[in-house]
Amino acid sequence: MQTIRGFRDILPEHIRLWQKVEKEASGLFKAFGFQEIRVPILEKTQLFSRSIGEVTDIVEKEMYTFADRKGDKLTLRPEATASIVRSYIQHKMYATDPVRKFFTIGPMFRRERPQKGRYRQFYQIDAEVFGIESALIDTQLIFLLNELFKRLGLTGLSAHINSLGCPECRPSFQKALLDFVTSKKESLCKNCLRRMEKNPLRILDCKVQACKEAVQDAPATLDHLCDDCETHFKTVKTSLKAQGVDFIVDKSLVRGLDYYTRTAWEIQTTTLGAQSAVAGGGRYDGLVKELGGPQTPGIGFAIGFDRLVEVMEQIEKTPEKEGLDLFIISLGEPAMEKGYLWSCELNQAGIRTEIDFRGKSLKALMKRANKLNAKYVLIAGENELADNSVILRDMNTKDQVSLSIETLVPELIKKLKLTK
Ligand code: AMP
């Protein structure tokens, strides 16, 4: 049996960096006033088609959608924003305090063509903020991402930002775009011809090379912003500068989801080849209302967890080896029983202790202690037990001392805690 294409196991030897990121991210989120939220992996299909947009790659081609036994159409979430917006509305959070900041970490599912950095089950670290109109929150989210990546030791990243306008300025942009793409009709793929009718903005992120070339000089939302959107974007830029966050204004950045308004951004890396975006986000001031809540501004981002770890693995060439505090070698059945009890007590005290139950020879067990990278080895054989003592060997210095078994556990706890 093998995993499904595009799905993978994250094996224990890779978990350390995942945990490091989770710890750093949740600490930072908490400091910035975010609360953790956990939402279901399965939702009604309609939630995603209505929010992400019917004519988007995600909804048209990539969702894992199926009918359950009653015939209800369900979808494995392709992203977290829609579910968090649903939750915000369902629990009427806007009524008690409209200003909410959430983060969540978990798996997402998209049936894309798998390659390095692109999986069909992948993980995102997601943050969403509701109820804040000010452009300073846009800046703060980009600043937060920057800070997180800095703490994780990442370099060579750049923030690409754009403004996608609002319902006020969209019509003028859409008209200009439609005129432009109509003039390029001959060069567009079949899908884009269909998009032209239904959602011309999506032509701008078509992956087909001919389409990419055709839209190179397409009109940009930035050139069609209304005064309010212009001012909003200006504030984002000046406040990012004031905080020393580097960014590149990228007129062609449109993101693949329909709900974005105003600021949109992507953090890109040069180290992952084609899959260069490690995080993406943007404002979605119309989404809460679109999904049935009151008019409430919203903004958020998602970090590609798998990609982030891949970048970190490239930086960290020699990962630090995890090891045990103590490995217990019990020779003979009575020593095994004692050793087992000691190991449990030490485990309870938070000392990483292992005992081998297989009754192997001293030589084989010393080999295993080395393999497990144990700091200390405790040797309890029949002779030692007969005079109520055991041997403690420091694997680093090779020094050995004899310890009395009467006070063994408290002494070991004291000693091994000091070495942590
Ligand atoms: P999006 O939800 O499309 O805005 O994506 C946000 C981030 O999630 C991207 O910048 C990627 O880092 C990551 N991501 C999106 N799709 C995938 C995928 N199929 N495999 C791995 N990471 C992904």
Side-chain angles (χ1 to χ4, degrees), residues 3-10 14 17-18 21 25 39 41 43 47-48 51-53 56-64 75-85 103-128 141-142 144-146 148-149 152 154 156-162 164 201-202 204-207 250 253-261 263-284 287 298-314:
T3 45
I4 308 165
R5 189 165 134 80
F7 288 63
R8 62 189 187 134
D9 302 314
I10 314 282
H14 292 278
L17 286 180
W18 288 77
V21 172
V39 286
I41 283 170
E43 298 264 9
L47 173 66
F48 302 114
S51 56
I52 298 168
T56 57
D57 279 357
I58 295 181
V59 172
E60 285 184 332
K61 303 195 289 209
E62 297 169 1
M63 294 202 308
Y64 283 93
T75 294
L76 281 174
R77 63 179 186 193
E79 58 117 42
T81 307
S83 305
I84 296 177
V85 172
F103 76 94
T104 198
I105 302 176
M108 310 294 154
F109 304 84
R110 293 183 198 171
R111 202 177 185 290
E112 294 188 85
R113 200 167 50 78
Q115 62 183 90
K116 185 150 181 64
R118 202 207 273 150
Y119 308 98
R120 290 180 170 177
Q121 175 176 333
F122 60 99
Y123 293 78
Q124 286 187 336
I125 301 171
D126 186 271
E128 310 292 343
L141 290 188
I142 299 171
L144 196 168
L145 271 170
N146 212 43
L148 176 64
F149 292 151
L152 295 171
L154 268 64
L157 298 179
S158 52
H160 291 234
I161 67 168
N162 193 15
L164 301 178
L201 186 70
R202 292 278 72 90
L204 299 180
D205 58 358
C206 179
K207 314 277 185 305
D250 184 349
L253 181 89
V254 286
R255 316 274 298 114
L257 303 90
D258 276 354
Y259 51 63
Y260 287 122
T261 54
T263 323
W265 69 89
E266 237 168 55
I267 311 289
Q268 299 185 1
T269 165
T270 46
T271 56
L272 279 183
Q275 303 310 316
S276 60
V278 274
R283 215 169 233 291
Y284 46 83
L287 189 55
I299 182 166
F301 65 71
I303 300 171
F305 204 159
D306 309 68
R307 288 186 198 172
L308 177 57
V309 169
E310 275 161 24
V311 177
M312 290 172 68
E313 279 173 347
Q314 285 179 4

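One-based numbering, in listed order, for ligands and for the atoms of each.
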### Task
Fit a plane to each ring of Phe305 and Trp18, take the angle between them on a 0 to 90° scale, and name the class: parallel (under 30°), tilted (30 to 60°) or perpendicular (over 60°).
tilted
### Message
For atom 20 (N) of ligand 1, what is the closest protein heavy atom, and at what distance to 0.1 Å?
### Response
Tyr119 N, 3.0 Å
### Task
Give a yes or no on whether the backbone of Leu253 and the side-chain of Asn162 come within a donor-acceptor separation of less than 3.5 Å.
yes
#### Entry: Sidechain N-carboxylate O distance under 4.0 Å for Asp258, Arg202
yes
### N or O contact, Tyr260 vs ligand 1, cut-off under 3.5 Å
no
### Message
Using heavy atoms and a 4.0 Å limit, tell me yes or no: is Arg255 in contact with ligand 1?
### Response
yes
### Message
I'd like to know whether ligand 1 has Val278 as a neighbour, heavy-atom separation below 4.0 Å.
### Response
yes
### Query
For ligand 1, does Glu112 get within less than 4.0 Å through its side chain, its backbone, both, or neither, judged by non-hydrogen atoms?
side chain
### Query
Does ligand 1 have any atom sitting under 4.0 Å from a heavy atom of Gly256?
no
### Query
Got the closest protein heavy atom to atom 14 (N) of ligand 1, with its distance?
Phe122 CE1, 3.6 Å
### Query
Taking atom 5 (O) of ligand 1 as the point of reference, which of Glu79, Glu266, Gln124 owns the nearest heavy atom?
Gln124
#### Entry: Identity and separation of the nearest protein heavy atom to atom 13 (C) of ligand 1
Gly304 CA, 3.5 Å
### Task
Can you sort out which atoms of ligand 1 are near Ala277, meaning under 4.0 Å from one of its heavy atoms?
9 (C), 10 (O), 11 (C), 12 (O)
### Sidechain-backbone polar pair: Arg120 side chain, Phe109 backbone, donor-acceptor under 3.5 Å
no
### Query
Out of Leu157, Val278, Ile267, which one pairs with Leu145 under the side chain to side chain contact (heavy atoms under 4.5 Å, CB included) rule?
Ile267
### Message
Check whether Arg118 reaches the backbone of Arg113 with its side chain - one donor and one acceptor, N or O, closer than 3.5 Å.
### Response
yes
### Contacting atoms of ligand 1, where contact means under 4.0 angstrom from a heavy atom of Arg110
1 (P), 2 (O), 3 (O), 15 (C), 16 (N)
### Message
Quick one: does any side-chain atom of Arg307 pair with a main-chain N or O of Gly117 as donor and acceptor, under 3.5 Å?
### Response
yes
### Query
Would you say Asp306's side chain and Tyr123's backbone share a donor-acceptor pair under 3.5 angstrom?
yes
### Task
Can you pull out the closest protein heavy atom to atom 21 (C) of ligand 1? Residue, atom name and distance to 0.1 Å, please.
Gly117 O, 3.2 Å
